[in-house]
Visitor: 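Please read through the structure below; I'll follow up with questions.
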Amino acid sequence: MKKTLLIVTALMAVITSACSSVSYNPTVYDYFIAKESLAKKPIKKIIIASVNVSGEPTRSMLRDSEGKIDGMVQDYLTANGYQIVPQHIFNNAWQQALLNFGDFYDPTTGKVDQVGWQNVMGATFKSLQEHKEIDAVLFTDLMVHDIQHSAGMKHYARWYGVTREPATEGATASVPSDFNWTQIIKGASLAVTIYSSEGQPLFSSRGGLDTLHAINSRKSQRSFVRRTKILSNSRNIEEGIELGFHPLIPMKRYPAPPKQTAKNQ
C-alpha cells in the first residue's frame with residue numbers, strides 16, 4: 001500500500017512539474033475559430049494563397065523570406081495530416097479576377113480599394129468552388145510592426161506569444177549599462193487566415209517570429225540597426241507557425257491557459 005502511494009505521489013509530482021514549466025505569455029493573440037463550422041465540415045485539403053489577405057504586398061524587407069515561410073507552413077500542415085493543393089489553381093483564379101476587376105492596390109499611396117478587393121476576392125472564391133478538391137484557402141501574411149525590448153534584467157521583447165532576447169551584431173555581445181532600451185524597433189509576425197472554399201471565415205490568428213533589428217557592437221555608440229540576416233532562425237519561425245495555427249493544430253506547451261470560447265470563436 002505504501003509502495004503504491006509513493007508511485008502515485010511521484011507521478012503527480014512529475015505531472016505538476018511538467019505543467020508548471022509552461023511559461024505563460026500574456027501577449028498571445030486572441031484567435032478566432034469557427035468551431036461549429038469546422039465540426040460540421042472538417043478541412044483536410046488546403047490551398048495556400050500566393051497573396052496577402054490584407055490586399056497589400058509584403059514589405060520589401062520580408063519578401064525574400066516569403067518562400068521559406070510558406071514552405072515551412074506547408075511542411076507543418078502536411079506533418080499534421082493536411083493535404084496541400086497545388087497553388088497554381090489559386091493563381092489562375094486570382095489573375096482572372098484581376099483581369100475582370102482591375103488591381104485594387106495603389107502603390108503610390110499604399111492604399112487598398114476595399115470595393116475592388118472584395119470584388120477580386122469574391123470572384124476568386126467563386127472560381128475555386130469549381131474545384132472539389134479544395135476545402136479551404138489559407139493566407140499567410142508576413143507582417144512588420146513596432147516592438148520594444150523591456151528595461152528589465154534580460155531585456156526581453158514579447159509579442160504575439162513569443163519572447164525574444166536582444167540580438168547583437170559584431171565581435172562582442174556586451175551592451176553598455178546606460179543603453180537606451182526604450183527605442184522602438186521592428187518585429188516580424190505571421191498572420192494566419194483561413195476561409196472555406198465558399199469564402200466563409202474559419203480561422204484567424206497570429207504568431208510572432210523574430211526581431212528585425214540588432215544592437216550594433218561594432219560602433220562605440222551602441223544602437224539598433226537592421227539585422228544582416230532577416231528571419232534566419234528556423235526554430236523561431238517554427239514557434240511562430242505553431243502559435244499561429246493553435247488551436248486548429250494544438251501547440252504543445254502553448255503559452256496561455258485554455259480560453260472559454262463561444263460556439264464560433
Side-chain angles (χ1 to χ4, degrees), residues 21-33 46 48-54 56-82 84 87 136-150 154-168 184-195 202-214 224 226-259:
S21 63
V22 176
S23 178
Y24 290 139
N25 188 325
T27 68
V28 290
Y29 190 77
D30 188 18
Y31 57 79
F32 162 81
I33 182 167
I46 297 178
I48 302 176
S50 54
V51 298
N52 292 334
V53 74
S54 66
E56 300 176 4
T58 301
R59 293 278 293 274
S60 58
M61 67 177 73
L62 295 182
R63 284 176 194 162
D64 290 342
S65 301
E66 286 182 305
K68 174 183 178 180
I69 304 283
D70 277 353
M72 294 177 70
V73 166
Q74 179 170 326
D75 291 343
Y76 186 63
L77 291 171
T78 302
N80 284 279
Y82 292 90
I84 307 301
Q87 195 177 64
V137 182
L138 165 64
F139 292 85
T140 55
D141 292 24
L142 286 182
M143 306 165 52
V144 178
H145 50 84
D146 292 341
I147 61 171
Q148 190 176 29
H149 286 283
S150 74
K154 295 187 177 180
H155 306 295
Y156 288 136
R158 288 187 171 92
W159 74 98
Y160 294 151
V162 298
T163 300
R164 299 288 180 252
E165 296 179 349
T168 58
I184 301 298
I185 61 173
K186 297 297 182 182
S189 295
L190 172 67
V192 173
T193 310
I194 300 177
Y195 291 94
L202 296 177
F203 180 77
S204 64
S205 191
R206 296 178 184 181
L209 296 174
D210 213 343
T211 59
L212 300 178
H213 286 78
F224 281 108
R226 176 88 60 86
R227 295 177 76 161
T228 305
K229 296 181 179 180
I230 298 293
L231 298 182
S232 61
N233 189 318
S234 294
R235 183 62 198 99
N236 285 352
I237 295 173
E238 289 169 358
E239 182 185 16
I241 291 173
E242 291 171 5
L243 283 163
F245 280 94
H246 181 88
L248 186 68
I249 302 175
M251 176 185 182
K252 294 179 181 179
R253 300 171 61 81
Y254 182 65
K259 71 174 183 177

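Just so we're clear, the structure is a prediction, and the values are computed from it rather than from any experiment.
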Visitor: With side chain to side chain contact (heavy atoms under 4.5 Å, CB included) as the criterion, how do I194 and L248 come out once you've worked through the C-alpha distance, each side chain's angles and the decisive distance to 0.1 Å?
Guide: CA-CA 10 Å; I194 300 177; L248 186 68; 3.5 Å; yes

Visitor: Treating K68 as the side-chain partner and L231 as the backbone partner, does any N or O pair qualify as donor plus acceptor under 3.5 Å?
Guide: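 Here the side-chain-to-backbone pair exists.
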
Visitor: Which pair of heavy atoms, one from Y156 and one from E165, lies closest together, and at what distance?
Guide: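 Answer, listing the atom of Y156 first, then E165: CE2-CG, 3.4 Å.
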
Visitor: Are there more than 12 heavy atoms of other residues, nucleotides or ligands under 6.0 Å from atom CG of N233?
Guide: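 Yes - once you tally the heavy atoms of other residues, nucleotides and ligands closer than 6.0 Å, there are more than 12.
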
Visitor: Could you tell me the separation between the CD atom of Q148 and the CG atom of D146, rounded to the nearest 0.5 Å?
Guide: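 So the gap between those two atoms works out to 9.5 Å.
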
Visitor: Backbone N or O of V162 within a donor-acceptor pair of the N25 side chain at under 3.5 Å?
Guide: yes

Visitor: Minimum heavy-atom separation for I147 and A157, please, with both atom names.
Guide: CD1-CB, 4.5 Å

Visitor: State which residues pass side-chain hydrogen bond (donor to acceptor under 3.5 Å, both in side chains) with T58; sequence neighbours excluded, sorted by chain then number.
Guide: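 Here the qualifying residues are N52, E66.
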
Visitor: How long is the gap from OG on S204 to CZ on F139, to the nearest 0.5 Å?
Guide: 12.5 Å

Visitor: Using 30° and 60° as the class boundaries, would you call the ring planes of W159 and H145 parallel, tilted or perpendicular?
Guide: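 Geometry flag for H145 against W159: perpendicular rings.
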
Visitor: Regarding D210 and N236, do their side chains bring together a donor and an acceptor under 3.5 Å, going by distance alone?
Guide: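 Looking only at side-chain atoms, N236 and D210 do form a donor-acceptor pair, the distance falling under 3.5 Å.
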
Visitor: Return the minimal non-hydrogen interatomic distance between H213 and R227, and the atom names on each side.
Guide: C-CG, 3.4 Å

Visitor: Angle between ring planes, Y29 versus Y160, binned at 30° and 60°: parallel, tilted or perpendicular?
Guide: perpendicular

Visitor: So, do S205 and F32 sit near enough that their side-chain heavy atoms are less than 4.5 Å apart?
Guide: no

Visitor: Measure the shortest side-chain to side-chain distance between M143 and R59 over non-hydrogen atoms and say whether it is less than 4.5 angstrom.
Guide: no

Visitor: For D141, is there an ion pair with R206 - N to carboxylate O distance below 4.0 angstrom?
Guide: no

Visitor: So how far is it from E238 CD to D75 CG, rounded to the nearest 0.5 Å?
Guide: 9.5 Å

Visitor: OG of S65 to CE of M72: how many Å apart, nearest 0.5 Å?
Guide: 10.5 Å

Visitor: Parallel, tilted or perpendicular for F224 and H149, by the 30°/60° rule?
Guide: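 Geometry flag for H149 against F224: parallel rings.
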
Visitor: Measuring from atom CD1 of I230 to atom CG of L62, what distance do you get when rounded to the nearest 0.5 angstrom?
Guide: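 So the gap between those two atoms works out to 7.0 Å.
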
Visitor: Output the distance between atom CG (N80) and atom CZ (F245), rounded to the nearest 0.5 Å.
Guide: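 Answer for the CG-CZ pair, N80 versus F245, is 9.5 Å.
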
Visitor: Can L212 and V144 be said to form a side chain to side chain contact (heavy atoms under 4.5 Å, CB included), step by step?
Guide: CA-CA 9 Å; L212 300 178; V144 178; 4.1 Å; yes

Visitor: Could you walk me through whether L142 and L209 pass side chain to side chain contact (heavy atoms under 4.5 Å, CB included), step by step?
Guide: CA-CA 9 Å; L142 286 182; L209 296 174; 3.8 Å; yes

Visitor: Could you tell me which non-hydrogen atom of G161 sits nearest to which non-hydrogen atom of T27, and how far apart they are?
Guide: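 So the minimum-distance heavy-atom pair works out to N-OG1, 3.0 Å.
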
Visitor: Could you tell me if the side chain of F203 sits less than 4.5 Å from the side chain of V192, heavy atoms only?
Guide: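 The answer is yes; the side chains approach within 4.5 Å.
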
Visitor: State, without any angle test, whether R164 and T211 hold a side-chain donor-acceptor pair at a distance under 3.5 Å.
Guide: no

Visitor: Is there a side-chain contact between I84 and L77 in this structure, where contact means two heavy atoms from C-beta onward sitting under 4.5 Å apart?
Guide: yes

Visitor: If you take all heavy atoms of A256 and V28, which pair is closest and at what distance?
Guide: CB-CG2, 3.5 Å

Visitor: For R226, is the CZ atom crowded, meaning more than 12 foreign heavy atoms sit under 6.0 Å from it?
Guide: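 Counting other residues, nucleotides and ligands, CZ of R226 stays at 12 neighbours or fewer.
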
Visitor: Hey, does the side chain of Q87 reach the backbone of I48 with a donor-acceptor pair shorter than 3.5 angstrom?
Guide: yes

Visitor: Are side-chain heavy atoms of L243 and L190 found at a separation under 4.5 Å?
Guide: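 In short, these two side chains do not touch, never coming nearer than 4.5 Å.
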
Visitor: The test is side chain to side chain contact (heavy atoms under 4.5 Å, CB included); show your working for E242 and K252 and say whether it passes.
Guide: CA-CA 9 Å; E242 291 171 5; K252 294 179 181 179; over 6 Å; no

Visitor: What is the minimum heavy-atom distance between S23 and P255, and which atoms define it?
Guide: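 Distance-wise, the nearest heavy atoms are O-CB, 3.4 Å.
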
